[in-house]
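Structure, as structure tokens:
Just so we're on the same page: letters track the sequence lines, and every chain starts at 1.
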Number of protein chains: 2
Amino acid sequence: MPELDRPAECARHLMPAMDTLELLGGKWKLLIVLGLLYGGKTRFKQLQKSIPGITGKVLSNDLKDLEQNGIITRTVYDTSPITVEYELTPYGRTLEKLILEIREWGMIHRQRILSE
Amino acid sequence: MPELDRPAECARHLMPAMDTLELLGGKWKLLIVLGLLYGGKTRFKQLQKSIPGITGKVLSNDLKDLEQNGIITRTVYDTSPITVEYELTPYGRTLEKLILEIREWGMIHRQRILSE
DNA sequence: CAGGATCCCATAAGATACTG
DNA sequence: CAGTATCTTATGGGATCCTG
């Protein structure tokens, strides 16, 4: 039996996971997507309020990043003052299962911590 | 219809996700767990080779962290030189579904990127 | 309202050398 | 082999102020 081809193993097993980590990495991105999953189309300020602790700058940066990755869309309305709404794309919504799973595990983990 | 109780919403929806992020956060922890999922009981050096790019220091730190969180066990064998093996705990294995899901999404994402 | 511009800092992570 | 110690750097993120 030949040794495992490590580089190939890496490409097939680890790299896709790294891709996801890169896309949703950082402290807030996943929570932003989660917020949009629950809130639907949401304005900037409203989104910020739904994620206690996040600053405007970080939210702005992360939203840009998510938009460039095709996860969300940004729509500007020419009101006065202007309003901007963010929304998950269909592609972004493919993250739903994953994110709910992450949250689910966290809930179980919380039970475990509390019952210790 | 009353306004949503934001703090409570936060606690129920966002905090569990943050918990998981904290536990698996950083650049490598998830890959370490993934490596142990695939490789089973694994020695330090072997684990390092299975995760190209990770340095000994980071691997060591992350393993300590995962051990303290009950995700993995560390077993020292009194050979010469000593060998140390790491293994997922049953609790750690509850992360399997989640981690495979993360990888799965990354694979689909990869397809999407390549076919653009 | 939605964010850009700045400044600042803590910390994660990399490089390297060393040890029981 | 399985780490630890030390140093260095990059950057993610926080705080604050400003603007169309």
Side-chain angles (χ1 to χ4, degrees), chain A residues 6 10 14-15 17-18 20-36 39-69 71-87, chain B residues 6 10 14 17-18 20-36 39-69 72-87:
Chain A
R6 287 297 183 186
C10 168
L14 265 40
M15 286 178 66
M18 294 190 86
T20 310
L21 285 184
E22 196 162 339
L23 206 96
L24 289 182
K27 195 171 171 183
W28 301 105
K29 288 214 193 80
L30 193 141
L31 299 182
I32 294 170
V33 176
L34 188 55
L36 290 174
K41 217 173 193 183
T42 312
R43 278 185 297 112
F44 185 87
K45 210 65 176 187
Q46 213 178 348
L47 191 53
Q48 186 176 1
K49 275 191 289 184
S50 77
I51 307 172
I54 194 169
T55 66
K57 177 194 142 194
V58 170
L59 179 56
S60 176
N61 285 343
D62 284 355
L63 285 170
K64 263 187 218 158
D65 211 45
L66 290 170
E67 190 191 1
Q68 281 178 351
N69 280 298
I71 306 298
I72 63 173
T73 56
R74 176 177 183 276
T75 315
V76 182
Y77 294 94
D78 199 7
T79 54
S80 167
I82 64 163
T83 56
V84 181
E85 294 193 330
Y86 293 91
E87 188 177 20
Chain B
R6 286 299 181 186
C10 169
L14 266 41
M18 295 190 85
T20 309
L21 285 185
E22 195 163 342
L23 206 96
L24 288 181
K27 195 170 172 183
W28 301 106
K29 287 214 194 81
L30 193 142
L31 299 182
I32 294 169
V33 176
L34 188 54
L36 290 174
K41 218 174 195 180
T42 312
R43 280 185 297 111
F44 185 89
K45 209 66 178 189
Q46 215 178 344
L47 191 54
Q48 187 175 359
K49 274 192 290 184
S50 78
I51 306 171
I54 195 170
T55 65
K57 177 193 139 194
V58 171
L59 179 56
S60 176
N61 285 344
D62 284 355
L63 285 170
K64 262 185 217 159
D65 212 45
L66 291 170
E67 191 191 0
Q68 281 178 353
N69 280 297
I72 62 172
T73 56
R74 177 177 182 274
T75 315
V76 182
Y77 294 94
D78 198 5
T79 53
S80 166
I82 64 162
T83 56
V84 180
E85 293 194 330
Y86 292 91
E87 190 176 20

- Message: With a 3.5 Å distance limit and no angle check, can you tell me whether B/Asn69 reaches the backbone of B/Asp65 through a side-chain donor-acceptor pair?
- Response: yes
- Query: How far does CG of B/Leu59 sit from NZ of B/Lys45, to the nearest 0.5 angstrom?
  - Reply: 9.5 Å
- Quick one: closest heavy-atom pair of A/Val84 and A/Arg74, and the distance? CG1-CG, 3.7 Å
- Distance test, side-chain N/O of A/Arg43 to OP1/OP2 of C/dA2, below 4.0 Å: yes
Grab the N/O contacts between the protein and nucleotides 9-12 of chain D below 3.5 Å, and write none if there aren't any.
none

- Query: Reckon A/Lys64 touches a base, only the sugar-phosphate, or nothing at all at heavy-atom distances under 4.0 Å?
  - Reply: sugar-phosphate
- Please report, rounded to the nearest Å, how far the P atom of C/dA2 is from the CG atom of A/Asp62. 17 Å
- Between P of C/dG14 and CG of B/Asn61, the distance in whole Å: 11 Å
- Message: Nearest whole Å is fine: how far is C/dT11 P from B/Lys29 NZ?
- Response: 14 Å
- OG on A/Ser50 to CZ on A/Arg43, rounded to 0.5 Å: 12.0 Å
Give each protein N/O atom lying under 3.5 Å from an N/O atom of nucleotides 15-20 of chain C, with the pair distance.
none

- Looking only at side-chain N and O atoms, does A/Ser60 come under 4.0 Å of OP1 or OP2 in C/dG4? yes
- Query: Out of curiosity, A/Leu47 CG to A/Lys49 NZ, how far, rounded to the nearest 0.5 Å?
  - Reply: 11.5 Å
- Is any side-chain heavy atom of A/Ile32 less than 4.5 Å from a side-chain heavy atom of A/Ile54? yes
- Message: Distance check needed: C/dC1 P versus A/Leu59 CG, whole Å only.
- Response: 14 Å
- Note on the structure: Closest heavy-atom pair, B/Thr55 versus B/Gln48, reported as atoms and distance to 0.1 Å, is C-NE2, 3.7 Å
- Item | Out of D/dG13, C/dA2, D/dA2, whichever nucleotide has its closest atom nearest the side chain of A/Thr83 | C/dA2
- Query: How many Å lie between CG on A/Asp65 and P on C/dG4, as a whole number?
  - Reply: 13 Å
- Working to the nearest 0.5 Å, report the span between CD1 of B/Ile72 and CG of B/Leu63. 4.5 Å
- Item | Atom-to-atom span, CD1 of B/Ile54 to C1' of C/dA13 - whole angstrom | 10 Å
- Message: Considering every strand and a 4.0 Å limit on heavy-atom distances, what is the contact class for B/Tyr86: base, sugar-phosphate, or nothing?
- Response: sugar-phosphate
- Rounded to the nearest 0.5 Å, the CE atom of A/Met18 sits from the CD atom of A/Glu22 at a distance of 8.0 Å
- Task: Mind calculating the distance between CD (B/Gln48) and P (D/dA2) to the nearest angstrom?
- Result: 10 Å
- Mind calculating the distance between CE (A/Met18) and C1' (C/dA13) to the nearest angstrom? 12 Å
- Under-4.0 Å side-chain N/O to phosphate OP1/OP2 contact, A/Arg74 with C/dG3: yes
- Query: Of the non-hydrogen atoms in A/Thr42 and A/Leu36, which two are nearest, and what is the gap between them?
  - Reply: OG1-CD2, 3.8 Å
- Note on the structure: If each end axis of the helix from C/dC1-D/dG20 to C/dG20-D/dC1 is fitted on five C1' pair positions, the angle between them, to 10 degrees, is 50°
- Item | Non-hydrogen side-chain atoms of A/Leu66 and A/Tyr86 separated by less than 4.5 Å | no
- Message: Once rounded to the nearest 0.5 Å, what's the spacing between atom CH2 of A/Trp28 and atom CG of B/Leu21?
- Response: 10.5 Å
